There are 2 protein chains.
Amino acid sequence: MIKVMVIDDHPIVLEGLKNLLSSRDDMMLAGCFGTGKAGLKAIKELEPNVVLLDINLPDISGADICRQLRRQDKETRIITLSIHNERPVIRNILQAGANGYVLKNSVGEEIITAIHTTLDGRPYLCRKTQEIMSQVGEGDLVEIPQVTRREKEIMELVSKGMTTGQVAAQLFISTHTVESHRKNLIEKFDAASMTAVIKLATRYGLI
Amino acid sequence: MIKVMVIDDHPIVLEGLKNLLSSRDDMMLAGCFGTGKAGLKAIKELEPNVVLLDINLPDISGADICRQLRRQDKETRIITLSIHNERPVIRNILQAGANGYVLKNSVGEEIITAIHTTLDGRPYLCRKTQEIMSQVGEGDLVEIPQVTRREKEIMELVSKGMTTGQVAAQLFISTHTVESHRKNLIEKFDAASMTAVIKLATRYGLI
DNA sequence: AATAAAATCACGGATTCCGGGGATATCCCC
DNA sequence: GGGGATATCCCCGGAATCCGTGATTTTATT
């Protein structure tokens with residue numbers, strides 16, 4: 001019996017996956033969680049064979065969750081779910097230690113296949129994802145930078161249109177500090193300006 | 001026999017819809033097009049009963065296509081397809097004259113239901129969309145501004161991180177002109193800065 | 001305990017952005 | 001033909017941003 005855990009903050013997706021799993025008699029649902037924190041804790045306790053993980057959770061990024069699990073040298077297979085079909089996003093999560101990537105508009109069958117394939121020790125990408133990854137070209141060298149909690153916070157406020165001064169006031173820190181973070185972000189994203197950073201971050205689902 | 005036309009620039013989606021329609025004997029495919037321009041022309045000639053329209057086409061925005069069709073007082077039902085599940089996007093396209101809105105991660109059944117419902121003269125929103133639209137709150141008063149071709153161009157270049165001067169050089173226009181466009185965009189989006197504009201535009205699928 | 005990473009603060013100068021004006025030419029639709 | 005939308009161009013001043021360079025403190029991780 002395969003123990004499957006689901007971590008996703010969308011109730012509808014959760015519901016759908018529940019139904020999918022309960023229709024199979026070789027799998028069982030080992031828990032449903034809506035946040036990364038709760039999910040991580042539960043994985044340690046319940047030790048599921050497979051985790052279906054939404055990579056856009058409110059608290060922790062999917063990549064971070066993967067890294068934390070891999071650091072503990074877990075055998076748990078991680079199949080990531082996402083609506084994002086951009087190369088850098090996919091590669092980023094795979095590099096972080098995910099075993100599979102399935103777009104949310106895939107059919108249930110693909111998820112079942114993904115579970116079996118990853119348990120066999122092979123990675124699994126859904127149809128559409130395979131297509132995307134097999135195309136050579138443009139966005140090839142783009143890496144998704146690792147942003148810190150604070151930097152993410154800064155990006156979110158800046159993307160709302162707040163100026164450096166306003167962000168500083170909101171976070172009770174100096175404008176100089178905010179400027180430092182902005183500079184670091186521009187450098188990390190290898191962007192020409194904060195505007196470009198915001199576009200990339202939005203597109204990659206970081207904010 | 002219901003004549004259904006599909007306008008979508010994603011071959012995979014096109015393929016899926018083709019299969020879906022060919023499996024029904026009360027519907028027929030009245031043409032497949034990958035651009036708004038080709039689609040609009042074809043609608044005038046073929047006069048389909050229903051158009052399945054991706055709202056993010058490379059050349060013309062989905063909302064513009066709806067408006068153009070509605071201006072001609074066509075009876076054609078328009079069912080829009082999209083991956084975007086944001087309130088403003090949905091409301092915008094419905095206001096432009098669409099009869100239905102179906103998220104791309106919906107099942108084929110929903111599309112069939114959408115076709116029948118809209119032909120009965122009623123609007124149709126897919127399950128998820130209904131949920132989103134029935135939630136009251138936050139993004140309620142947000143309208144998606146109507147941007148011109150030129151403004152869109154400016155947004156795209158700015159979002160790449162180009163400065164006003166660089167954009168002007170690229171487009172062979174004066175920096176003053178670029179500044180005017182930026183100002184107009186900020187005003188149209190009711191944003192505090194260009195950064196916020198880019199975020200909104202990215203999120204709404206405008207760029 | 002030691003090293004690394006993240007977060008904090010600081011200065012100065014060149015450049016850019018934003019908001020407030022105004023002006024002209026073109027195209028499309030009624 | 002007139003009105004409206006679009007695209008183009010111009011000016012100015014105050015504010016904010018970007019970039020280089022540097023440093024301190026807090027917080028993990030080993």
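Owing to the predicted nature of the structure, the values given are computational and were not obtained by experimental measurement.
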How many whole angstroms separate atom CG of B:Asp190 from atom C1' of C:dC18?
15 Å
Can you find a side chain N or O atom of A:Ser180 that sits less than 4.0 Å from OP1 or OP2 on C:dT8?
no
Looking at C:dA10, D:dA7, C:dT16, which one has an atom nearest to any side-chain atom of A:Lys183?
C:dA10
Atom CZ of A:Phe172 and atom P of C:dT8: how far apart are they, to the nearest Å?
13 Å
Ignoring the backbone of B:His181, work out which of D:dA7, C:dG19, D:dT17 is nearest its side chain.
D:dA7
Can a side chain N or O of A:Thr177 be found less than 4.0 Å away from OP1 or OP2 on C:dC9?
yes
Quick one: are B:Ile93 and B:Cys66 in side-chain contact, heavy atoms under 4.5 Å?
yes
Hey, are B:Glu179 and B:Arg182 close enough for a salt bridge, meaning a charged N less than 4.0 Å from a carboxylate O?
no
From CE of A:Met155 across to P of C:dA6 the rounded distance in Å is 14 Å
Nucleotide D:dT17, atom P - distance to CE of B:Met162 in whole Å:
21 Å
Check whether the side chains of B:His116 and B:Asp26 place a donor and an acceptor atom closer than 3.5 Å, and report yes or no.
yes
Figure out the CZ/P separation between A:Arg182 and C:dA10, and round it to whole Å.
18 Å
Closer than 4.0 Å, any side-chain N/O of B:Ser193 to the OP1 or OP2 of C:dC17?
no
Once you apply a heavy-atom cut-off of 4.0 Å, does A:Glu179 come out as touching a base, just sugar-phosphate, or nothing?
base
Sub-4.5 Å side-chain heavy-atom contact between A:Asp64 and A:Gln146
yes
Among D:dC18, D:dC11, C:dC9, the one nearest B:His176 by side-chain distance
D:dC11
Could you pick out which residue, B:Thr175 or A:Ala192, lies toward the 5' side of DNA chain D when each is mapped onto its nearest nucleotide?
B:Thr175
Which listed nucleotide (D:dT8, D:dC10, C:dG19) is nearest to the side chain of B:Ser174?
D:dC10
Expressed as a whole number of angstroms, how long is the span from B:Met194:CE to C:dC18:P?
7 Å
Length of the CD-C1' vector between A:Gln166 and D:dA16, whole Å
11 Å
From the options D:dC19, D:dA7, C:dC18, select the nucleotide whose nearest atom is closest to the side chain of B:Thr148.
D:dA7
Under the 3.5 angstrom rule, does the side chain of B:Thr80 hit a backbone N or O of B:Leu52 as a donor-acceptor pair?
no
To the nearest Å, how far apart are B:Asn184 CG and D:dC9 C1'?
13 Å
Do the side-chain N or O atoms of B:Arg149 get closer than 4.0 angstrom to the phosphate oxygens (OP1, OP2) of D:dT6?
no
